[in-house]
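Naming: A, B, ... by sequence-line order, numbering from 1 per chain. What you are looking at is a predicted structure, and each value in this text was computed from that prediction instead of being measured.
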Protein chains: 2
Amino acid sequence: MSNQQLKGHLEALILATLEIRPAYGYSILESLRTSSAGVFDLPEGTIYPALHRLEDAGLVKSTHEMVDGRQRRVYHLVAAGYGSLEKSRKSWQEFSAAVTNILAVNPA
Amino acid sequence: MSNQQLKGHLEALILATLEIRPAYGYSILESLRTSSAGVFDLPEGTIYPALHRLEDAGLVKSTHEMVDGRQRRVYHLVAAGYGSLEKSRKSWQEFSAAVTNILAVNPA
DNA sequence: TGCTCATACCTAGTAATACTAGGTATGACA
DNA sequence: TGTCATACCTAGTATTACTAGGTATGAGCA
């Protein structure tokens with residue numbers, strides 16, 4: 001995947017991942033890698049600042065929990081996060097339809 | 001359209017626009033606005049630096065031409081530009097399929 | 001025990017790029 | 001003459017994914 005494609009879309013992907021179930025940072029990376037068949041293989045330096053932004057924005061909340069006998073910082077969606085996710089879905093549909101249309105091979 | 005969605009996709013959209021026919025900066029903005037049904041309504045400050053980047057990268061070439069009796073800087077694709085556009089199309093398909101899949105409403 | 005490794009979290013700084021806010025110039029038209 | 005849309009441009013800004021570093025833990029092994 002090229003450099004800048006993800007910009008503006010990562011937070012929606014994280015919210016969608018957390019909608020399925022609460023998760024901690026490292027496991028979100030694994031979820032994204034698996035569910036994208038390897039397209040999104042993100043370094044850790046990407047996920048933690050993004051999670052902090054989401055928490056600052058009031059879209060997710062984190063709690064310290066024991067998972068498999070170890071302390072993890074688990075993030076879960078709050079109401080505003082669900083709302084934001086719905087907006088992102090609509091926005092993505094509009095955006096991706098427009099790009100797909102323009103990139104379609106033009107009639108020669 | 002939100003702030004950062006376009007990042008990493010604009011150059012492909014410009015190349016695709018120029019594939020149809022050579023065009024000058026201002027007219028590319030109009031093409032994108034029309035062909036996206038208003039989704040891409042970009043300010044001028046977006047297009048000229050992008051065109052200069054594309055020319056620096058050797059993907060397009062510009063010539064000064066008279067269009068409707070006026071001097072215009074007309075950009076057209078060169079060979080490397082066609083190649084880059086094809087790569088961008090493949091990359092977009094992969095990227096958009098992955099995002100669409102992850103954003104799909106999860107089974108409740 | 002000591003060593004390595006995967007896991008897990010974090011941050012300061014960097015790079016890339018769309019955008020803002022300003023500028024200039026032209027021709028059409030009232 | 002004045003205004004407007006068109007047309008091109010650039011310096012600086014904001015955003016955000018990433019790089020490159022750090023720390024800590026538990027499992028497995030020699």
Original post:
Which one, D:dA7, C:dC19, D:dT16, comes nearest to the side chain of B:L6?
Top reply: C:dC19

**OP:** Summarise how protein sits on nucleotides 22-30 of chain C as a single string, 5' to 3': B when a protein heavy atom is under 4.0 Å from the base, S for sugar-phosphate-only contact, - for no contact.
**Re:** ----B----

Subject >> B:E30, nearest nucleotide to its side chain (from D:dT10, D:dA17, D:dA7) >> reply: D:dA7

Subject >> CD-CD distance between A:E94 and B:Q5, expressed to the nearest 0.5 angstrom >> reply: 8.5 Å

Subject >> From CD1 (A:I102) to OG (B:S36), nearest 0.5 Å >> reply: 5.0 Å

**OP:** Would you please confirm or rule out a distance under 4.0 Å between OP1 or OP2 of C:dA8 and any side-chain N or O of A:Y24?
**Re:** yes

Original post:
For DNA chain C, whose closest nucleotide is more 5', that of A:K7 or that of A:R72?
Top reply: A:R72

Subject >> Connected via hydrophobic side-chain network under 4.5 Å: B:Y48 and B:L29 >> reply: yes

Original post:
More 5' along DNA chain D: B:T46 or A:H9, using each one's nearest nucleotide?
Top reply: B:T46

**OP:** Please assess A:Q4 against A:K7 for the test side chain to side chain donor-acceptor pair (under 3.5 Å), listing each intermediate value before the final yes or no.
**Re:** CA-CA 6 Å; A:Q4 304 276 324; A:K7 281 236 170 81; 2.7 Å; yes

Original post:
Between B:E11 (CD) and C:dA18 (P), how many Å, whole number?
Top reply: 6 Å

Subject >> Within residues 8-17 of chain B or reaching into it, pairs that qualify as side chain to side chain donor-acceptor pair (under 3.5 Å) - sequence neighbours excluded >> reply: B:E11-B:R53

Original post:
Starting at CG of A:L29 and ending at C1' of C:dA6, how long is that distance when rounded to a whole Å?
Top reply: 14 Å

Subject >> B:R72 NZ/CZ over B:Y24 ring centroid, <6.0 Å and within 45° of normal >> reply: yes

Original post:
For A:D41 and D:dT19, what is the distance between atoms CG and C1' respectively, to the nearest whole Å?
Top reply: 15 Å

Original post:
When you measure from the side chain of B:S27 to the backbone N and O of B:A23, does any donor-acceptor pair fall under 3.5 Å?
Top reply: no

Subject >> Main-chain N/O of B:K87 paired to B:S91 side chain as donor or acceptor, under 3.5 Å >> reply: no

**OP:** For A:F40 and D:dC18, give me the distance from atom CZ to atom C1', rounded to whole Å.
**Re:** 15 Å

Original post:
Is there a side-chain polar atom (N or O) of B:Y48 under 4.0 Å from OP1 or OP2 of D:dC9?
Top reply: no

Original post:
Does A:H52 put a side-chain nitrogen or oxygen below 4.0 Å from OP1 or OP2 of C:dT11?
Top reply: yes

Subject >> For atom CE of B:M66 and atom P of D:dA7, their distance in whole Å >> reply: 13 Å

Original post:
Contact class for B:G25 (heavy atom, under 4.0 Å): base, sugar-phosphate, or nothing?
Top reply: sugar-phosphate

**OP:** Could you grab the distance from atom CG of A:L54 to atom OG of A:S62, nearest 0.5 Å is fine?
**Re:** 11.5 Å

Original post:
Could you give the CD-to-P distance, from B:Q71 to D:dT6, as a whole number of Å?
Top reply: 19 Å

**OP:** To the nearest Å, give me how far apart CZ (A:R53) and P (C:dC9) are.
**Re:** 17 Å

**OP:** Start with the C-alpha gap between A:E65 and A:R70, add the side-chain angles, then the distance that decides, and say whether salt bridge (charged side-chain N to carboxylate O under 4.0 Å, His left out) holds.
**Re:** CA-CA 8 Å; A:E65 296 178 24; A:R70 298 172 65 173; over 6 Å; no

**OP:** Work out how much the helix from C:dT1-D:dA30 to C:dA30-D:dT1 bends between its end axes, five pairs an end, to the nearest 10 degrees.
**Re:** 10°

**OP:** Using a 4.0 Å heavy-atom cut-off across all strands, classify A:I47 as base, sugar-phosphate, or nothing.
**Re:** nothing

Subject >> N/O (side chain, B:Y26) to phosphate O (OP1/OP2, D:dC8) under 4.0 Å >> reply: no

Original post:
For the pair made of CG in B:L10 and C1' in C:dC19, what is the distance, rounded to whole Å?
Top reply: 11 Å

